[in-house]
Amino acid sequence: MKYLFYWLILFFSLNVTAQEAPLLKWNQIPEEDLQMTVYGPDSTAAAVVLADHGQIILELEGSAAYYRYKRHRRIKVLNPEGFKKANIIIPYYTAKKYAETITYLKGQIFAPDGTKVVIPNKDIFNNPINEFYAEKRFTFPQVQAGSVLEYRYEIVSPQITELRDWYFQEDIPVRSSRLKVEIPNAFKYVYLFQGNQQINQTGKDDRAIDVRGNTITKIKDNVYQMVNVPALKTEKYITSVNDHRARLRFQLKEILFPRGHVQSYLSNWAEVSTSLWSQERFGKQFMDEKMFSEWINPETTKILSANIPDREKAAALYQYVSKTIKWNRRYSFKAKTTLNDVFLEKTGNSGEINLAYLALLRHAGITAHPVLISTRSHGRMIKTYPIVDQFNHVIISAELDDEMALLDVGLPTKSMDYPNINSLNKSGWLLDENTPQWIDIEGPVTKTTTMATLKLNDNGILTGKLQGKFKGYDGATLRAYLANEENKEKYPTRWTEQIPGLEVDSIFTKNTNTYDKSLHLIAQVKLSELAEKKGDLLYFQPVFTSGFLKNKLPDENRVCPVEMAFPKTENFVLNLELPTGYEVESLPASVSLSLADDSVNYNLLVSVQGQFLQLISKVNIKKTTFPLAAYEDLRELFIQIEEKLKEKIVLKKMADK
């Protein structure tokens, strides 16, 4: 299936392509919906959204503007797997100036015979999430296969610059999704549509509205609708599933005031950059030393004054920041208070931590600038319009000894110039004072090498040395694992999981605290269950540990492109001494496999000289994004790699002379 992904820039004057659907009526469930046992277009669905109808109504009151967000949903539960749809969560914003209000919330559940249970207010709970958000929660009772869940609510919000997104697509099929938008003509919004489904739109003629006896403006009503939208579930190797769901977004562009005055809300990226540099919660945090004076202390002063190359200085400052401040699990590109408060409290959001690091780098005389990004889990960025709210994190671009590096504080066990995996979302907005611009953000290559020097005896037992070299993200993860006191004398979990009968006599580690180099593990091992003896034959799978022994793309069909986080290389080298009195009966054939553009390739080389066998296996993934059209070839290549890795060596006992 060909996958199309596109952004459509829609304004108010769109062509009419469909008739407006009738409004959903509360408490009136059609008999055919009550009796439904299978959803025709998708017989495997555990539940289906029968209808999801909403309204966005922008209203004026005096000099204030706000909008009402009304939503009415109806869900059919088809089997026990769909019972989880009975748990309802409605988030809303609660921070002071822009706080939202839920004015009403009602819910009811219908059994297949039409009897209903109304959700009492006492069973609807308000759950504060943090200082910015809260959520309403409730659970439909007495859920069974065949139940119809119905609920509706209204949120009043002053946040008119960016209205709530409307998703037409979910993880279950949607029979009807409909959004009506009522906005005064004086408010000009940019409509951003994403998806590969057909959207229908209808528009009505302008109508006047009257506020306190004075006609002040005209409103144009637009209705956007999709029907029979297929489910879109999370797949392996994507950024955020929301990047691929059909949805409509709204961003205020400008307001037209009487007498021709225009107030613009979407300027340009250069103006946005200038504004951010002067903001107290952003630029002033790392430009004004009073904001980060607590960070200039004896420990950092020793680093700042050291006569060492910039890269070493930046690495030392990275270690200091990463070990001093604990991440509070919240993303932001701005500071909530000041960097001094972050230092004193020893905790901060992602932006506060990196802004503190940026302040220290600049204080050290290192050329460094902030880079605004949206994390992989948060979603892709829109470059067309300067929408600042799309960013949820900030990393750093720094010039270190005449080389540019992207820095991102995370685990102390990783190299500073390996951005956190969630930060690898292709691009970011570089806030250079002179030349702000979009830059590419690609993950550095992660490389894993396993070397096994083993001797096989005639009972099928292998003994010898097993080495692992782990560079990049794999090395950082393993370092963090080994840093735990309980795991200090252990070895990679992949060895444990993939090598049956593994016994380790001793283990030696190297570069444990040298984070920009490969982590080395060297172990003296005994492998008693890898080889199988049958009569005069010994069977042995030579590549016994690999990240590709199980197909990374098991699904035959796919909806989204493949979006890996970083390029990867995996090497496996086996030097094997064969048992005396045995000869090679069969070997895996040497092979070279690749995609047409060589973006992924695999090489296997096997050779035997006397009683010594050498096998070299190498998987190389050079790029991270593969369009849907390439999925079949990519999946087939991974299948072939898996098959080659699992091929066995067969040794035969020679007849006595």
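Count residues from 1 along the sequence.
Shown here for R245 and N242, the closest heavy-atom pair between the two residues is NH1-OD1, 3.0 Å. When all heavy atoms of S546 and V543 are compared, the closest pair comes out as CB-CG1, 4.2 Å. Here the closest heavy-atom approach between residue L355 and residue A335 is recorded as CD1-N, 4.3 Å.
When the side chain to side chain contact (heavy atoms under 4.5 Å, CB included) test is applied to K302, no partner is found at least two apart in sequence or on another chain. The salt bridge (charged side-chain N to carboxylate O under 4.0 Å, His left out) search around R281 returns none, not counting sequence neighbours.
No donor-acceptor pair under 3.5 Å is formed between the side chain of S332 and the backbone N or O of G351. The main-chain N or O of L304 is found under 3.5 Å from a side-chain atom of K313 such that the two form a donor-acceptor pair. Proximity of a side-chain donor or acceptor of K646 to a complementary backbone N or O of L549 within less than 3.5 Å is detected. Q285 contributes a side-chain N or O that, together with a main-chain N or O of E280, makes up a donor-acceptor pair within less than 3.5 Å. Judged by distance alone, the side chain of E570 and the main-chain N or O of K618 form no donor-acceptor pair under 3.5 Å. Between the side chain of E235 and the backbone N or O of C560 there is at least one donor-acceptor pair closer than 3.5 Å. No side-chain donor-acceptor contact under 3.5 Å links N425 to the backbone of T239. The main-chain N or O of A368 is found under 3.5 Å from a side-chain atom of R362 such that the two form a donor-acceptor pair. Here the side chain of N130 pairs a donor or acceptor atom with the backbone of Y133 at under 3.5 angstrom. When atom types are taken as modelled, the side chain of D171 and the backbone of L232 share no donor-acceptor pair closer than 3.5 angstrom.
Between W429 and W269, the ring planes lie tilted relative to each other; the angle falls in the 30° to 60° range. Ring orientation note: the planes of W495 and F470 are tilted relative to one another, at an angle of 30° to 60°. W438 and F391 have tilted rings, their planes meeting at an angle from 30° to 60° on a 0 to 90° scale. Using the six-membered ring where Trp is involved, F544 and F540 have ring planes that are tilted, between 30° and 60° apart.
Counting only N and O atoms by type, the side chains of T545 and Q498 include a donor and acceptor under 3.5 Å apart. Residues Y602 and S617 have side chains that bring a donor and an acceptor to within less than 3.5 angstrom of each other. There is no side-chain donor-acceptor pair under 3.5 Å between Q640 and K644. Counting only N and O atoms by type, the side chains of E642 and N551 include no donor and acceptor under 3.5 Å apart. For D341 and T338, the side-chain atoms include at least one donor-acceptor pair closer than 3.5 Å. Side chains of D474 and T477: no donor on one and acceptor on the other come within 3.5 Å. A side-chain donor-acceptor contact under 3.5 Å links E433 and H369. Defined by atom type and a distance below 3.5 Å, a donor-acceptor pair is missing between the side-chain atoms of T347 and N328.
For the pair H363 and E289, the minimum side-chain heavy-atom distance is below 4.5 Å. Using a 4.5 Å heavy-atom cutoff, the side chains of M416 and L400 are in contact. In this structure the side chain of T493 reaches within 4.5 angstrom of the side chain of Y481, judged on heavy atoms. Side chains of Y631 and L553 form a contact here, defined as non-hydrogen atoms less than 4.5 Å apart. Side-chain contact check for N571 versus T450: every heavy-atom pair is 4.5 Å or farther apart. Using a 4.5 Å heavy-atom cutoff, the side chains of F566 and I421 are in contact. In this structure, the side chains of T509 and H520 stay at 4.5 Å or more apart for every pair of heavy atoms. When side chains are defined from C-beta on, L344 counts as touching E294, because their heavy atoms get closer than 4.5 Å.
More than 12 heavy atoms of other shown residues, nucleotides or ligands fall within 6.0 angstrom of atom NZ in K236. In K623, the NZ atom is crowded: over 12 heavy atoms of neighbouring residues, nucleotides or ligands sit closer than 6.0 Å.
Cation-pi geometry between K290 and F292 is not met at under 6.0 angstrom from the ring centre and within 45 degrees of the axis. Both tests do not hold together for K517 against Y515: distance to the six-membered ring centre under 6.0 Å, angle to the ring axis within 45°.
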Residue pair R247, D165: steps toward the salt bridge (charged side-chain N to carboxylate O under 4.0 Å, His left out) verdict = CA-CA 7 Å; R247 67 169 164 171; D165 294 357; 3.2 Å; yes

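Rounding to the nearest 0.5 Å places CD of E345 at 9.0 Å from CD1 of I325. Once rounded to the nearest 0.5 Å, the distance linking CG of N601 with CG of N620 reads 5.0 Å. Note that CD1 of I366 and CG of L361 are 5.0 Å apart. Values are rounded to the nearest 0.5 Å. A distance of 5.5 Å separates CG of L276 from CZ of F282, quoted to the nearest 0.5 Å. Here R330 contributes atom CZ and N349 contributes atom CG; the two are 8.5 Å apart, rounded to the nearest 0.5 Å. Atom-to-atom distance recorded for I522:CD1 and K469:NZ is 8.5 Å, nearest 0.5 angstrom.
Residue E563 is tested with R380, R558, K426 for a salt bridge (Lys or Arg N to Asp or Glu O under 4.0 Å); the sole match is R380.
Two rings, from Y473 and Y418, have their centers less than 6.0 Å apart.
A salt bridge does not link D555 to R635: none of the charged nitrogens lies less than 4.0 Å from a carboxylate oxygen. For K526 and D505, the salt-bridge test fails: no basic side-chain N is under 4.0 Å from an acidic carboxylate O.
Pairs engaging residues 402-412 under the side chain to side chain donor-acceptor pair (under 3.5 Å) rule: N354-D408, H393-D408, D408-N420, D408-S423 [sequence neighbours left out].
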